[in-house]
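Single-structure report; data block below.
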Amino acid sequence: MKRPLVCLLAALALDSPASGQSTAFEVVSIKPAPQNKRELQQHLGTQIDPAMVDFGGVSLLMLLTRAYGLHSFQVVGEPELNTTRFNIVAKLPTGSSTAQVPEMLKTMLRERFRLEARQETRELGIYALTAPKGVPKIPLKPAGDDPAPGRGLPPGTMAQAADFINQYQYVLRLSRPVVDQTGVEADHIDLASFVQPLLDAAIAAQKDGADPMAVESAVLGAVQKFGLRLEPRKASMTALVITHIELTPTPE
């Protein structure tokens with residue numbers, strides 16, 4: 001049976017690099033991240049420059065979203081994608097640029113994790129993260145208060161805050177993925193301080209024996225305290241469907 005031309009082109013788009021670009025890291029070290037939380041915190045976060053990339057405590061889900069430019073909820077696969085974590089250090093080829101890192105990540109995922117995937121368009125029920133009263137009361141980190149490379153969570157944007165919520169969906173029990181539609185351009189949000197009250201609300205509700213809907217309601221209330229809202233909407237979006245991936249990387 002012949003595959004439709006559209007499917008063939010979509011499959012090629014997943015793997016085809018731009019002409020003339022180097023699409024593989026020169027050297028890659030992949031090691032399992034520590035299971036101990038304190039040890040994990042000692043090498044956590046992402047550092048990218050024209051010579052090296054350093055991903056500390058990165059999950060396969062995070063690698064996939066960075067490689068394909070997607071939100072975490074747009075990746076369809078096993079739960080282990082979000083719980084299997086690695087410390088990855090890689091050297092970029094001489095003359096390459098940081099703009100080529102996503103293509104290099106795709107190559108690494110195919111070669112070291114045996115990634116097989118396809119893209120398709122799906123209509124998804126989402127929670128739109130909005131700021132109905134204008135500027136929300138979100139926690140910010142002072143300029144220049146970034147953690148040292150590989151130590152702690154760097155500040156982020158509202159889009160990253162929304163995606164951070166999605167990464168904790170298994171605790172927050174939200175029935176829909178979250179998409180930033182606030183229009184807020186802050187780029188120094190304290191992501192940990194933003195998400196922690198949501199986690200606290202969810203955990204407190206679960207201790208009271210509440211059903212998932214009550215837990216979700218508690219999280220929605222915690223979001224409103226920041227001057228934000230989660231509004232149910234529909235959106236047609238690209239999904240990356242993972243058909244195969246190895247949780248243990250192959251040796252170089």
Side-chain angles (χ1 to χ4, degrees), residues 10 13-14 44-46 48 53 55-86 88 98-99 101-106 108-109 113 115-131 136 138 153-192 194-196 198-199 202 216 219-220 222-223 226 228-243 245:
L14 283 171
L44 188 65
T46 299
I48 299 177
V53 298
F55 296 99
V58 66
S59 68
L60 287 172
L61 181 61
M62 294 175 190
L63 292 172
L64 288 161
T65 57
R66 184 175 287 273
Y68 290 94
L70 302 172
H71 295 287
S72 58
F73 67 84
Q74 291 173 273
V75 179
V76 182
E78 297 298 321
E80 288 79 7
L81 291 177
N82 197 30
T83 57
T84 307
R85 293 176 176 267
F86 300 92
I88 299 176
T98 57
V101 168
E103 291 297 333
M104 294 179 190
L105 286 174
K106 291 178 187 177
M108 183 193 72
L109 287 164
F113 292 93
L115 171 67
E116 296 177 12
R118 69 175 186 273
Q119 285 183 334
E120 57 186 51
T121 300
R122 295 186 176 188
E123 185 175 58
L124 302 174
I126 65 164
Y127 271 129
L129 182 63
T130 64
I138 49 177
L153 189 68
T157 63
M158 283 305 301
Q160 289 171 314
D163 208 41
F164 209 48
I165 293 174
N166 293 322
Q167 292 177 29
Y168 284 97
Q169 191 278 337
Y170 64 98
V171 177
L172 300 175
R173 304 289 181 88
L174 294 177
S175 58
R176 298 163 177 253
V178 177
V179 178
D180 171 41
Q181 294 186 3
T182 60
V184 175
E185 297 183 358
D187 62 359
H188 230 68
I189 297 171
D190 187 336
L191 297 177
F194 173 72
V195 173
Q196 191 61 53
L198 280 59
L199 295 171
E216 183 171 43
V219 173
L220 296 181
V223 170
F226 288 116
L228 300 166
R229 289 188 62 183
L230 290 175
E231 301 178 1
R233 296 179 184 175
K234 289 281 189 179
S236 182
M237 309 186 80
T238 297
L240 181 71
V241 181
I242 309 302
T243 55
I245 193 168

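- Side-chain atoms of Gln169 come within 3.5 Å of backbone N or O of Leu174 as a donor-acceptor pair.
- The heavy-atom pair separating Ala128 from Gln181 by the smallest distance is CB-OE1, 3.5 Å.
- Between Val223 and Leu230, the shortest heavy-atom distance links the atoms CG2-CD1, 3.9 Å.
- Summarising the geometry of Arg85 relative to Met62, their closest heavy-atom pair is NH1-CE, 3.3 Å, with the distance given to 0.1 Å.
- Side-chain atoms of Leu105 and Phe55, non-hydrogen and from C-beta on, do get closer than 4.5 Å to each other.
- Gln167 contributes no side-chain N or O that, together with a main-chain N or O of Phe164, makes up a donor-acceptor pair within less than 3.5 Å.
- Note that the CG atom of Leu109 and the CG atom of Leu60 stand 7.0 Å from one another [nearest 0.5 Å].
- A 4.5 Å side-chain heavy-atom check between Leu64 and Leu70 finds every atom pair outside the cut-off.
- Nearest heavy-atom pair across Ala131 and Val184 is CB-CG2, 4.4 Å.
- Contact annotation: the side chain of Val178 never approaches that of Ile126 to less than 4.5 Å [non-hydrogen atoms, C-beta and beyond].
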Requested in this report: Check step by step if side chain to side chain contact (heavy atoms under 4.5 Å, CB included) holds for Arg66 and Thr46.
Outcome: CA-CA 11 Å; Arg66 184 175 287 273; Thr46 299; 4.0 Å; yes
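- Side-chain contact between Pro177 and Tyr127 is absent, with no heavy-atom pair separated by less than 4.5 Å.
- The closest side-chain heavy-atom distance from Leu63 to Met108 is below 4.5 Å.
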Let me have the donor-acceptor pairs involving side chains of residues 71-80, under 3.5 Å, with sequence neighbours excluded, atom names and distances please.
| unit_1 | atom_1 | unit_2 | atom_2 | d |
| --- | --- | --- | --- | --- |
| Ser72 | OG | Asp163 | OD1 | 2.9 |
| Gln74 | OE1 | His71 | N | 2.8 |
| Gln74 | NE2 | Thr238 | O | 2.8 |

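- For Glu231, the salt bridge (Lys or Arg N to Asp or Glu O under 4.0 Å) partners are Arg233, not counting sequence neighbours.
- Aromatic ring pairs are classed by plane angle as parallel below 30°, tilted from 30° to 60° and perpendicular above 60°; the pair Phe226 and Phe194 is tilted.
- To the nearest 0.5 Å, the span separating CG on Leu191 from OG1 on Thr157 amounts to 7.5 Å.
- The distance from the OG1 atom of Thr243 to the CG atom of Leu115 is 7.5 Å, given to the nearest 0.5 Å.
- Not one N or O on the side chain of Arg118 forms a donor-acceptor pair closer than 3.5 Å with the backbone of Val241.
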Query raised in the report: Could you go step by step and tell me if Leu129 and Val179 meet the side chain to side chain contact (heavy atoms under 4.5 Å, CB included) rule?
Result: CA-CA 6 Å; Leu129 182 63; Val179 178; over 6 Å; no
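- Note that the CE atom of Met158 and the CD1 atom of Ile138 stand 5.0 Å from one another [nearest 0.5 Å].
- Considering all non-hydrogen atoms of both residues, Ala202 and Val219 come closest at CB-CG2, 3.8 Å.
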